[in-house]
Structure formats: C-alpha cells, structure tokens
Amino acid sequence: MPTLTAEMILVMIMIGVAVFLFIVEWVRVDVVAILMMVTLPLLHLVTPKEAFSGLSSNAVVSIIAVIIIGAGLDKTGVVNRLVGPILKVAGKSQSRIVIFISLTVAGISSFMQNIGAAALFLPAVQRISKNLKIPIGKLLMPIGFSAILGGTVTLVGSSPLILLNDLMVPFKLKPFGLFDVTPVGLALVAAGIACFVFFGRFILPGGGKSDESSPAAEERQEENQIIDELGRPWELTTPEDFTHYREPVTVDALRRRYLINVVGMVEPPDFKVLGPAPDQEIRSGVDLVVYGQEKDVRRMASEEGMELKEDLELFKGELADHASGTVEAVVAPRSNLAGKTLNQVDLAERFQITPLAVYRQGVVYRAELGDLPLRVGDAILLHGTWKRLELLHAEGSLLFTTPLDADQLRPEKAMFAGIWLAVALIMVIVFKIQLSVCLMTGALGMILTRVLSIDEAYQAVDWRTVFLLGGLIPLGIATEKTGTAAWIAHTVLNAIGTVEPIVLLAVIGLLATVFTLVISNVGATVLLVPLVVNMALAAHTDPRLAALVVGLATSNSFILPTHQVNALYMGPGRYRSVDFMKAGTVVSIIFLVVMIAMLYLFY
C-alpha cells in the first residue's frame, strides 16, 4: 500500500476546498475550476503545462465541437423534425415529455458519446420549455441524467465500458460482448426516468413553487395573460358562396364584428398574404388564418358558414413558433407614431404585421383599433414573422418589451447539416479517429457550408462549461499523479477485509462512484479495474463482475456538476451545485441498488 505523503494531503485538501465551494457557492462553479487551474501549479502539484492541458483536452474540444454541431442541427430544423413526433405522442404533459425525450436521448447515447446526445437535444428542449411554458429546470436535469444512464446500455455507450475489455486483457479474462450489459443498462435507464416521474416535484429545483415573484416576472405574467386572452391562431376556409348577394367583407369588418384578427390569407390561385391590410377583401373559397378566442372563432365560423380546421395546415410553417409570434411594443417618447392612428401608420402594408390589441391605462382595445389615435405609453400587441418584427424594431418608433425570437431557421441547409453530422459519426465509428478531431471536422464543415456563421458558432458555445471542465481536469491529473487516488482505493479496499461477494461489489460500486466525482471516469476506470480484479480474485469472487461494476459505476456521476453532461446543462438550466446534490444523491442511490440487483439476478 502506498505511503501517505505531503503531496497527497495537499491534493485531498484541494479536493475538499473545491467541493466546499461547490456547496456554498460563494463564487460560480466555473470560477472554482479556474481557481484549481491556477492554484495547483503554484503548489507544484502539477506542471504549468498540465494545469492548462484541460482547455485543449479531448473532452473539452469535443464538447465545443458537439455544441456547434447541435446548434447547426437546430438552426436547420433537423432536431425539430425529430422532436415533432415525440411531442405529438407526449402532448403537453411534463411527465410524458420527460419520459419520451429521455428515452430517445438514452437510446442515442447508448451508441454515441452521451455528451453528444445531450448537446444535440439542448436547443430543442429549450424551445419546448419556452413554447409549453414548462420551467426548463424541470426538463434538462432528467434528460441529462438519462443521457448519462444511456451510456450503460451497450459496451460502446461510454468511455469506461469501451476501455473495460482492454483493461481485462492482462488478467486473461473473457471479454464482454456488445450487448452483455444491456439488461443492466435498460433497468438503470428505466429506474432513472421513473425516479423523476414519481419524485421529480420533490427533488427538482422549484419544488412546484413559482419562481415568478419579481416585479419583472409579474410584468411578464400580466403581458402573457393579455396575450392568452387574445386566443391563438385558427385556420378556416370560406364557403364558395361567401361573397354572393352581400356587401364585400373586409379584414377590418371581421375584427369589428367578431373580435378576431386575420393574420394571413390565401389569394387565388395560391399566393399567401401575411398581415393583410384592414381593407383587404375576403373572397369565396379561400383559406385564412385568424387570431382569436375559440368562442369568437366558432361563432364566426357558424354565422359565416366557414369550415373550421382542427389544426393549422397551409400556414403551419409560417406560423410555427420559430417563424412568427406575438410581441408587446410601447409607443416611445418623441415617437413619430404619437397622435397617429394605426390606419395611418399602416403596419400591414409596410411590414406585413397585424396589430392584435392596444393596452392603455388598464383598458384593452380590440375592435376599433384602426381609428384609435396612439399615445405615448400605449402598449400594442403585434403579430408577425420574427423577421418582419425585427425590421419594425430597427425603425425605432416602438420600444419592444418582449425579446424577439429572431433566430431564423435555415431549412435549405438541413442536408448539409445532416451530411456533416454523418461524416463526424463515420469518422468516429469506422475510422477510429480521435473523437475531438471527428467532431471538430463536422463543426468546421457546417461553418464552411454556411449552416452557421463563425460568429453564431462562437455564440452557441457555453464558455462556462468549457472552463468548468478545463479547470477540473488538472485536479484529476494531480489526484492520479501524486498517488492520492491509489492510496484512497487501497485504504478502502483493505479496510473492508473479507466479505460476501455482493457486499464487495456494492463497496466497489460506491468507491467507483466517489472516484468519478473528483477524477475523470476514464481515470477512475483505469485506476480501479486492476485493483478490484485482484481484490475479487483474493476474495474468490468473479473478477469479471468486479470489473464490470467499475465500468458501470463510473457513469454514476450525478451528485456534482463535474460530469460533462451536468456541466453542459448547468448554465441553461440555471442549476446550482445543491440542485445536483439533492437530485443526484437520490439517483445515485437508486443507481447502485438497481445495478447490484440486476448483476445479482443476471450474472
């Protein structure tokens, strides 16, 4: 057994300081990581080169590349096409969304790096959270944990399992097959998802209480309430005799009569008009989209003989959340719109934007919009495409209080995005080139084919994640280099002595779990497999099972945001370290119990 040295004590102190700062959050977690990066070489525990090697490590470069690839797939709508069928099945239920997306992510991560699967779905989950008004903190953690758990389903799902057979070669043990771990992995995925479905309200941040308590949040709630009162888009078809034996019916006439707003219509033969002018005549046998409450729309359909469709059909693409939306804009001081009516401003003709309502001193005006003189401070609810709303915003006559979701999709680039993703995956699977090189090739290809601009690629990367992982890697190097990891492993394994095989496996699983929280899962696997195989042989326990426990338990990394997936989701999910500790402790315990039970039953 190694002798405890001063260097080992220093490393354990640094680990304790890092964990303490993660808990109390006196500084941000990425600042803690940078602190480790700077302090370790000053204490001569690592060399300066080793201290900054994390920023150029395979893991960090892979994360940067896969985030860019994920942004490209989202920008072209590829991820939306995958998520669309899932949402049709899941509906608007938070539990069903968590179940189906988690299963999908787990399935993908069983054959590719879990950080890749997690990054690819991040933009889609952010859209779902926004569109369905589900707190993103309720979605990202279950999905991220499922990505980690999916890595246990096959022998190529995670780096430790990929390494496992090579580490067993010196002991002449029978290698594991690709799907030998599948029963255990599937049980772990199912148990993890079930944990969040049944106990999510207790262990996820928020606990069911609304975070909307600030004045800004209350203002957003009031704005959302007004928007909700205006209804939603509906698609209808006018009858063939709609214009027979009557005065022409205009867009403005329908608004006054039924309190609905026509936001789009089809002009013969098939020309789509968005934001039609108030005096635009509505013809027979044409499709139109109106914005309004269900009772008003159904009353109009009944009285006018229109056919009301169940869902948007012709205008589905134009009115998708990524293409258009509703915003609030305020008439600014010294605006040239003050004193003018909306008819005079003519937003429909100039910008193809439809005013839905005007909010003035607690009163909402919906019917007589066109003739209402605007005043400074009036809030106007506008509907249009994000591109058109951005043009109006640039004019400067209105102050937009709602952020513009102006991330225009590029569906024409979807083929290039798919090709570069396939190139990266083929390089990984077929040619066995280093992961970071393969993924960066795919990311660079997307930039060169203009799926993304280079500025958009830089903006997509969460640099907090980069420095969090880059700063913790040298801590792992110091733990292994000084012999601290080996000393801890020997101390624990010698302390338990001779025990029942199932108890030995449980202790090995717990030890691997603790190790993977402070050093890389690969490092923990390389260190522990030789030790536990020898321990198992001495205790007359199956050494293959002992090695497999290490390969699986090094994925049990949920308690701290040190795993790549946890680090990736920490920023977008607005999580704190204590959030991971709360949920991660429960999931880690379930992981160990299910893993040992499944190994006992199947092996």
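Position 1 is the first residue of the sequence, and the numbers go up from there. When reading the values below, keep in mind they use all heavy atoms of this one structure, side chains included, and skip hydrogens, waters and symmetry mates. Since this is a predicted model, take the numbers as computed values, not measurements.
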Closer than 3.5 angstrom, by distance alone: can the side chain of [X] be matched with the main-chain N or O of [Y] as a donor-acceptor pair?
| X | Y | result |
| --- | --- | --- |
| S302 | R298 | no |
| S109 | A147 | yes |
| S335 | V331 | no |
| E304 | A301 | no |
| N566 | L560 | yes |
| S110 | G107 | yes |
| Y569 | A118 | yes |
| E235 | E313 | yes |
| E456 | S453 | yes |

Taking the side chain as every heavy atom from C-beta outward, state whether [X] and [Y] have any atom pair closer than 4.5 Å.
| X | Y | value |
| --- | --- | --- |
| I97 | L139 | yes |
| T76 | F416 | no |
| P355 | H383 | no |
| I380 | Y359 | no |
| K413 | K75 | no |
| L342 | L372 | no |
| F400 | L392 | yes |
| F199 | V586 | no |

Taking all atoms of both residues into account, what is the closest heavy-atom pair of [X] and [Y], and its distance?
| X | Y | answer |
| --- | --- | --- |
| G275 | A348 | O-CB, 3.2 Å |
| W463 | Y458 | NE1-O, 3.4 Å |
| P233 | L319 | CB-CD1, 4.0 Å |
| L149 | G192 | CD1-CA, 3.8 Å |
| L382 | A329 | CD1-CB, 4.1 Å |
| M446 | I68 | SD-O, 4.3 Å |

Let me see the working for T250 and Q280 under side-chain contact (heavy atoms from CB on, under 4.5 Å), right down to the final yes or no.
CA-CA 5 Å; T250 62; Q280 177 81 39; over 6 Å; no

Is [Y] paired with [X] through a side-chain N to carboxylate O contact shorter than 4.0 Å?
| X | Y | answer |
| --- | --- | --- |
| R255 | D252 | yes |
| K309 | D287 | yes |
| R350 | E395 | yes |
| R576 | D579 | yes |
| R257 | D296 | no |

Hey, could you give me the [atom1]/[atom2] distance between [X] and [Y], rounded to the nearest 0.5 Å?
| X | Y | atom1 | atom2 | value |
| --- | --- | --- | --- | --- |
| L140 | L122 | CG | CG | 6.0 Å |
| I134 | S129 | CD1 | OG | 7.0 Å |
| K582 | L204 | NZ | CG | 8.5 Å |
| L308 | T237 | CG | OG1 | 9.5 Å |
| K387 | L389 | NZ | CG | 13.0 Å |
| K340 | D346 | NZ | CG | 11.5 Å |

Does [X] have more than 12 heavy atoms from other residues, nucleotides or ligands lying within 6.0 Å of its [atom1]?
| X | atom1 | answer |
| --- | --- | --- |
| K272 | NZ | yes |
| F242 | CZ | yes |
| R246 | CZ | yes |
| E281 | CD | yes |
| F467 | CZ | no |

Given T238 and S284, is the side chain to side chain donor-acceptor pair (under 3.5 Å) satisfied, shown in steps?
CA-CA 6 Å; T238 59; S284 301; 5.7 Å; no

What I want to check is whether the side chains of Y258 and E303 have a donor and an acceptor closer together than 3.5 Å.
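A pair is found: one side chain offers a donor N or O, the other an acceptor, under 3.5 Å apart.
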
Donor-acceptor side-chain pairing of T385 and S324 below 3.5 angstrom:
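There is no such pair (donor and acceptor under 3.5 Å, judged by atom type) between the side chains of T385 and S324.
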
Given F198 and I193, is the side-chain contact (heavy atoms from CB on, under 4.5 Å) satisfied, shown in steps?
CA-CA 9 Å; F198 293 109; I193 295 174; over 6 Å; no

Between V290 and V297, is a side-chain contact (heavy atoms from CB on, under 4.5 Å) present by the stated rule, with each step listed?
CA-CA 8 Å; V290 302; V297 175; 4.0 Å; yes

Proximity of Y575 and F580 rings by center, below 6.0 Å
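Close enough - the centres of the two rings lie under 6.0 Å apart.
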
Intermediate values then yes/no, side-chain contact (heavy atoms from CB on, under 4.5 Å), M440 and V61
CA-CA 8 Å; M440 194 56 77; V61 175; 3.7 Å; yes

Do R232 and W234 form a cation-pi contact, if we require the NZ or CZ to be under 6.0 Å from the six-membered ring centre and within 45 degrees of the ring's axis?
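Positive - R232 is close enough to the ring of W234 and near enough to its axis.
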
